[in-house]
Amino acid sequence: MGNVLVYAEQQNHEFKKWAFEAVAEGKRVADQLGRECVAVVIGNGVSDMAATLGQYGAAKVLVADDPQLAEYAAEPYTQIIVDAVQQTGADIVFLSASVQGRDVAPRVGIKLDAGVATDCTEFKVEGGNLLIRRPMYAGKINATIEITSAIKVATLRPNNFLPGEPDTSASPVLEHLTVPAGDVPVKVRETHVSGGGHVELTEADIIVSGGRGLGAAENYKLIEELAAQLHAAAGASRAIVDAGWVSHDHQVGQTGKTVSPQLYIAIGISGAIQHLAGMSSSKCIVAINKDADAPIFKVANYGIVGDLFEVVPQLKAELAAAGYTG
Amino acid sequence: MNSICCVKHVPDTAAQIKVASDGVSIETQGVTFVPSPYDEFAVEMAIRLREAEGGSVQILSLGSDAVIESMRKAIAMGGDGGIHLKTDQPAPDAYTTAKAIADSIKDKGFDVLWLGWKAVDTDDAQTGQLIATMLGIPCVTFVTSVTKEGDKLICQREIDGGHQVVEVSTPCVITAQKGEFEPRYPKLMNIMKAKKKPVETIDITFDEPRVVIKEMTPPPPREAGKIVESAAELVRLLREEAKVL
Ligand SMILES: Cc1cc2nc3c(=O)[nH]c(=O)nc-3n(C[C@H](O)[C@H](O)[C@H](O)COP(=O)(O)OP(=O)(O)OC[C@H]3O[C@@H](n4cnc5c(N)ncnc54)[C@H](O)[C@@H]3O)c2cc1C
Ligand SMILES: Nc1ncnc2c1ncn2[C@@H]1O[C@H](COP(=O)(O)O)[C@@H](O)[C@H]1O
């Protein structure tokens with residue numbers, strides 16, 4: 001097999017956490033095949049940051065750095081990734097299963113006559129074949145799949161592969177790619193991204209989620225305060241998204257985000273099958289619910305049966321005493 | 001605005017999913033099938049656009065005769081008719097599905113082809129981008145609302161950690177994320193009318209797949225854990241036993 005090419009996503013001159021995860025896993029797979037892991041970075045003013053990827057295992061980093069690439073657009077980004085694949089003789093292409101990675105991966109697949117596997121959680125090289133694990137039916141099923149085309153494209157679930165300690169002595173080869181000319185048919189008018197301190201659900205180590213047990217929209221601040229104290233992301237059940245207490249980007253579940261943090265704290269959430277589908281691969285689950293028979297307790301590692309309006313303030317005080325002050 | 005909306009017939013999200021005896025597909029006995037939730041958001045947006053701008057909304061479903069049930073449900077929301085891409089073979093992968101849809105609709109003169117951002121069965125989240133790339137037309141994914149301005153469509157879309165407003169010209173592909181509005185409930189009168197709306201049937205065959213399923217397994221079961229008496233005890237266990245704090 002050929003090399004492994006990894007598209008390392010950055011935003012505003014910072015690599016996404018999942019970029020390092022993808023490069024590290026790309027390196028692990030490349031090692032098993034006796035090949036190299038090559039990373040590609042796209043953006044404006046990104047040349048200086050490119051070498052960082054060497055610390056996670058990229059032997060070489062290809063850089064497409066141009067003012068026209070400041071904002072993600074599917075067509076030029078697709079073309080650059082395709083060019084990078086062809087230039088490096090890669091036959092495995094890794095991207096992240098982020099919004100951007102998911103948007104671009106199938107397009108790359110068509111241009112390369114390659115099959116695409118989405119949201120993969122495990123890669124294994126066996127007898128020269130790449131076996132891939134990915135959840136389906138929102139995690140109700142795990143599938144082992146194989147991509148039969150010569151080139152194989154996969155997106156990697158964020159927060160699932162460990163990037164490991166960076167090797168600060170690594171110095172990868174840097175190469176610049178030519179930037180394709182051509183129309184961008186989708187024009188961006190405005191972009192709004194939540195600023196500093198905000199933790200995304202899909203990359204959070206800890207998630208604190210609230211449900212209908214909160215009783216009223218204004219009580220969601222209990223969830224936000226606890227989340228802030230733990231540097232966690234704030235999640236929600238669909239019931240309170242539908243009720244308009246929080247926006248849909250907080251929703252965890254089959255029709256929300258699928259998450260697998262180290263710690264998931266479900267507060268006033270009953271544990272409907274659609275909610276469990278989105279969070280039951282979390283390493284450790286805590287449930288706080290006044291109903292001892294709530295289904296959430298069937299998947300929780302630790303549960304407190306009690307009124308959240310008593311338990312959550314106590315929990316905040318205990319955490320503060322233990323040094324978790326935000 | 002002439003729209004085609006792809007609606008997939010999938011297991012209800014409340015269904016327990018079990019692996020069938022062949023080990024590479026799911027047991028469908030006793031499972032209720034419904035239109036995939038994000039497809040309903042797509043249909044809602046397409047109907048809203050037709051209400052504002054005129055035109056038509058056709059509902060497309062690919063699969064056996066069973067998928068007609070979900071197609072009719074979507075037509076009952078306010079669609080003008082259906083396109084059934086008929087096959088008795090299960091779709092092998094996202095690529096073959098996309099190819100069959102692209103080949104069947106490329107000469108239909110649509111302005112917008114709508115899909116869900118993902119179908120809640122295979123969770124592939126690929127079909128829209130695949131079709132658009134095959135047809136060489138633009139594709140906007142994760143869209144939560146659409147309006148028309150001159151000859152452009154203005155789309156709100158979700159991105160990681162925020163949102164974006166983009167403009168695109170037609171013909172194009174749009175994939176729907178859950179948006180500002182709930183899909184409408186079909187009125188009884190429309191359910192009756194939907195049964196009489198014209199459905200075009202196109203027989204299809206699949207290309208060679210590019211992704212094959214080797215094995216399906218249920219996820220490892222989670223054991224119910226401990227009931228803890230106090231917040232203090234919980235914090236101690238999270239730090240000392242689970243080591244997640
Ligand atoms: C197509 C479809 C897709 C769906 N997708 C999703 C999805 O992605 N995500 C999702 O979450 N749901 C989803 N659902 C909805 C799901 O079926 C449930 O309705 C929803 O998860 C329930 O939310 P909840 O647990 O907050 O509310 P409830 O089920 O009402 O539970 C509230 C819980 O709070 C507890 N409680 C009440 N007061 C207190 C208190 N003072 N202290 C402690 N505990 C208290 C109660 O005992 C109860 O267990 C979907 C449904 C459908 C039909
Ligand atoms: N068999 C099908 N019939 C109709 N639409 C489909 C079919 N398969 C996929 N789609 C469409 O493609 C979207 C994305 O599906 P997927 O890429 O499989 O996650 C779905 O939400 C549907 O809109």
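The chains referred to below are lettered A, B, ... by the order of the sequence lines, with proteins before strands, and numbering in each begins at 1. Every value quoted in this text rests on a predicted model; they were computed, and no experiment measured them.
With a 4.5 angstrom heavy-atom cutoff, B:Ala242 touches chain A via backbone and side-chain atoms both. The part of B:Ser230 that comes within reach of chain A is its backbone (N, CA, C, O), which places non-hydrogen atoms under 4.5 angstrom from that chain. B:Lys118 touches chain A through its side chain: at least one heavy atom from C-beta onward sits under 4.5 Å away, while N, CA, C and O do not. Contacts of A:Glu310 with chain B are absent, with no heavy-atom separation under 4.5 Å from either backbone or side chain. For B:Gln16, the parts sitting under 4.5 Å from any heavy atom of chain A are the backbone and the side chain alike. With a threshold of 4.5 angstrom between heavy atoms, A:Ser281 approaches chain B through N, CA, C or O but not through any side-chain atom. With a 4.5 angstrom heavy-atom cutoff, B:Pro37 touches chain A only via side-chain atoms. With a threshold of 4.5 angstrom between heavy atoms, B:Leu153 does not approach chain A through any atom at all. Using a 4.5 Å cut-off between heavy atoms, A:Ala300 contacts chain B through its backbone alone, with no side-chain atom that close.
A cation-pi arrangement, defined by a distance under 6.0 Å to the six-membered ring centre and an angle within 45 degrees of its axis, is present between B:Arg210 and B:Tyr95.
Among B:Asp160, B:Leu238, B:Val228, B:Val244, the residue with the largest count of heavy-atom pairs under 4.5 Å with chain A is B:Asp160. Between chain A and the options B:Arg239, B:Glu208, B:Glu229, the largest number of non-hydrogen pairs under 4.5 Å is found for B:Arg239.
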